[in-house]
Amino acid sequence: MADPMTAVTDAFTSFLFGKVETTRLPVRTSTGQAQAVYLPTAAPGLGDSGVIIGREVYSGKGYIYDPFQLYGQQLPAPHWLVLGESGNGKSALEKTYVLRQLRFRDRQVVVLDAQGEDGVGEWNLIAQELGITPIRLDPMAALDGGIRLNPLDPSITTTGQLALLRTIIEVAMGHGLDERSGFALKVAHAYVNETITDRQPVLTDIVEQLRHPEPESAEAMNVDLDDVRAWGLDVALVLDRLVDGDLRGMFDGPTTAGIDLDAPLIVFDLSHIDRNSIAMPILMAIVGVWLEHTWIRPDRKKRIFLVEEAWHIINSPFVAQLFQRLLKFGRRLGLSFVAVVHHLSDVVDGAAAREAAAILKMASTRTIYAQKADEARATGRVLGLPRWAVEIIPTLSPGIAVWDVNGNVQVVKHLITEAERPLVYTDRAMTEDAIAVQLAAEAEAEERAAAAVEAAAEADPYGGPSYGSTVA
């Protein structure tokens with residue numbers, strides 16, 4: 001029951017000033033009219049520290065991303081997965097991202113460049129601009145004094161050398177080494193390291209020792225010498241392919257002098273390697289271990305390891321396990337692994353599905369460019385994307401992508417400066433007119449993407465993007 005004094009006060013106030021409270025009928029209107037009443041809102045950004053990527057399509061806000069700044073606060077891991085079909089802007093994003101990261105003095109980048117154009121890798125222009133010579137691995141050029149990487153380089157620990165030899169053999173054979181073959185390899189490697197001290201040991205030394213093992217190797221295990229020789233025969237045949245077969249020239253000699261591991265950008269040019277051959281995963285294994293033991297150091301530098309055509313890594317169980325270890329190890333030393341893949345189905349349906357799932361789980365940042373509808377749905381299921389994001393992926397135009405940074409999902413338009421454009425658009429067929437057409441198409445695509453996001457939000461108001469902060 002109301003207080004009598006309050007009732008008297010309300011009656012007196014109404015008599016003097018009229019009724020204070022009024023009853024308002026609900027109004028039915030459209031979003032076009034209501035937008036003038038309610039302030040526009042947008043999803044919260046990732047902070048203002050790092051490198052700028054572009055702008056968020058829906059709000060127009062600048063989009064800044066840096067895994068090193070976000071790690072430990074908004075990101076559980078600094079690793080990044082980039083997905084999308086060719087021609088949608090993945091390459092442009094990678095290159096501008098690297099160029100902008102290198103403006104920080106404590107950054108260093110290694111790129112495995114698997115794409116080729118005009119006889120060189122597509123990172124060749126950027127390397128030239130920075131005064132860097134790419135490490136071009138080419139079996140034919142290696143025979144004429146080209147680049148070599150030695151798996152038995154003394155800069156790699158003895159344990160790392162043996163692990164690398166095992167990985168090379170397992171990749172080439174397609175299965176793991178049994179105990180006997182592993183024993184033959186171990187004793188051959190130990191003997192070579194103990195007896196060759198006046199030069200770098202090379203693969204030829206291992207092959208020779210496998211073919212002609214020392215009696216001490218057999219006596220140590222109380223087995224017959226012929227048995228040790230038989231156990232190492234398959235291993236010798238595999239390694240012989242790197243010494244005197246179709247893969248010769250790149251790994252069968254001392255490491256080429258002059259490779260600068262302190263340069264801000266290191267580019268391994270793999271464009272002359274058949275990406276569908278066994279050479280590619282073997283090469284990935286050698287480069288991975290070589291970098292792990294010679295490049296990643298506790299010197300407070302932030303390092304980025306960018307791998308194009310990364311499904312070649314993840315599709316091989318043995319190479320995937322190696323890189324999985326590299327990711328876990330490198331996270332403590334400031335390593336951000338960037339994997340660029342055309343289709344997620346290339347890896348989740350491959351021979352190394354379990355290893356692929358582990359690597360994908362460590363990638364807390366996912367950038368998805370345009371994909372066909374069925375591929376977008378499959379990607380959404382694997383990555384756990386919201387429904388609105390899955391629905392707009394097939395409608396995205398070049399330069400626009402869905403970014404998922406540990407659950408913060410936004411649609412981002414990548415921006416390229418005039419200074420970066422000649423280095424990013426490396427297609428020689430691109431004329432000035434073609435670039436102008438491209439820019440016009442990108443502007444139109446941005447408007448369509450914004451409309452698609454708004455339509456998706458209206459159709460699914462509870463499943464759309466989370467808009468929490470007000471834009472002034």
Side-chain angles (χ1 to χ4, degrees), residues 139 148-154 156-255 277-290 292-293 313 315-325 351-352 354-355:
R148 280 187 172 90
L149 295 179
N150 184 13
L152 301 178
D153 192 309
I156 303 177
T157 64
T158 302
T159 302
Q161 291 176 13
L162 184 58
L164 177 53
L165 290 172
R166 288 186 64 100
T167 301
I168 292 171
I169 295 163
E170 289 172 340
V171 169
M173 297 176 69
H175 59 78
L177 280 180
D178 58 37
E179 294 297 329
R180 296 180 177 183
S181 297
F183 170 76
L185 177 64
K186 184 179 74 171
V187 297
H189 174 253
Y191 181 83
V192 166
N193 272 345
E194 290 172 3
T195 58
I196 299 178
T197 58
D198 58 336
R199 59 175 174 82
Q200 282 191 17
V202 293
L203 287 181
T204 305
D205 301 320
I206 299 291
V207 173
E208 184 64 22
Q209 186 59 28
L210 286 168
R211 288 171 172 168
H212 305 289
E214 296 298 315
E216 293 84 358
S217 302
E219 294 171 2
M221 292 298 291
N222 195 27
V223 296
D224 189 80
L225 185 63
D226 290 335
D227 289 337
V228 176
R229 185 180 296 108
W231 296 347
L233 180 59
D234 287 343
V235 176
L237 291 174
V238 171
L239 292 179
D240 184 67
R241 185 177 179 185
L242 300 178
V243 173
D244 197 29
D246 56 330
L247 302 180
R248 70 188 185 280
M250 294 183 290
F251 316 113
D252 55 348
T255 298
S277 75
I278 193 65
M280 186 63 81
I282 289 177
L283 182 61
M284 294 291 190
I286 292 176
V287 170
V289 173
W290 195 69
E292 178 183 356
H293 291 272
I313 292 175
N315 255 352
S316 169
F318 307 106
V319 182
Q321 290 168 10
L322 186 157
F323 274 75
Q324 187 178 347
R325 186 181 77 246
R354 184 177 62 182
E355 291 81 2

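Computed over heavy atoms, backbone and side chain alike; hydrogens, waters and symmetry mates excluded. For the single chain, residues carry numbers from 1 onward in sequence order.
- Closest of all the heavy-atom pairs between Phe251 and Asn150 is O-OD1, 4.3 Å.
- Put simply, OG1 on Thr255 and CG on Asp153 are 3.5 Å apart, with the number rounded to the nearest 0.5 Å.
- Here Leu164 contributes atom CG and Thr159 contributes atom OG1; the two are 12.5 Å apart, rounded to the nearest 0.5 Å.
- Between Leu225 and Pro213 the shortest heavy-atom distance is CD1-O, 3.6 Å.
- Between the side chain of Asp178 and the backbone N or O of Ser181 there is at least one donor-acceptor pair closer than 3.5 Å.
- Residue pairs satisfying the salt bridge (Lys or Arg N to Asp or Glu O under 4.0 Å) criterion with at least one member in residues 224-239, sequence neighbours excluded, are listed as follows: Asp226-Arg229.
- Just one residue in the list Ile206, Asp240, Leu233 forms a side chain to side chain contact (heavy atoms under 4.5 Å, CB included) with Arg211, and that residue is Asp240.
- Without hydrogens or angle criteria, Asp252 side chain to Thr204 main chain gives no donor-acceptor distance under 3.5 Å.
- In this structure, CD in Glu208 is found 13.0 Å from CG in Leu239, a value given to the nearest 0.5 Å.
- Counted within 6.0 Å of CG on Asn222, heavy atoms from surrounding residues, nucleotides or ligands total 12 or fewer; the atom is thus considered open.
- Under the side chain to side chain contact (heavy atoms under 4.5 Å, CB included) criterion, Ala163 pairs with no residue at all, not counting sequence neighbours.
- Rounding to the nearest 0.5 angstrom, the gap separating the CD atom in Gln200 from the CG atom in Leu152 is 8.5 Å.
- More than 12 heavy atoms of other residues, nucleotides or ligands lie within 6.0 Å of CD in Glu216, so this atom counts as buried by the packing criterion.
- Taken from CD in Gln209 to OG1 in Thr195, the straight-line distance is 7.0 Å, to the nearest 0.5 Å.
- Minimum interatomic distance between Asp205 and Val192 (heavy atoms only, all atoms of both residues): O-CG2, 3.7 Å.
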Under 3.5 Å, which donor-acceptor pairs do the side chains of residues 183-191 form with other protein atoms, sequence neighbours left out?
| residue | atom | partner | partner atom | Å |
| --- | --- | --- | --- | --- |
| His189 | NE2 | Gln161 | OE1 | 2.9 |
| His189 | NE2 | Asn193 | ND2 | 3.1 |

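- In this structure a side-chain-to-backbone donor-acceptor pair under 3.5 Å is present from Glu170 to Leu177.
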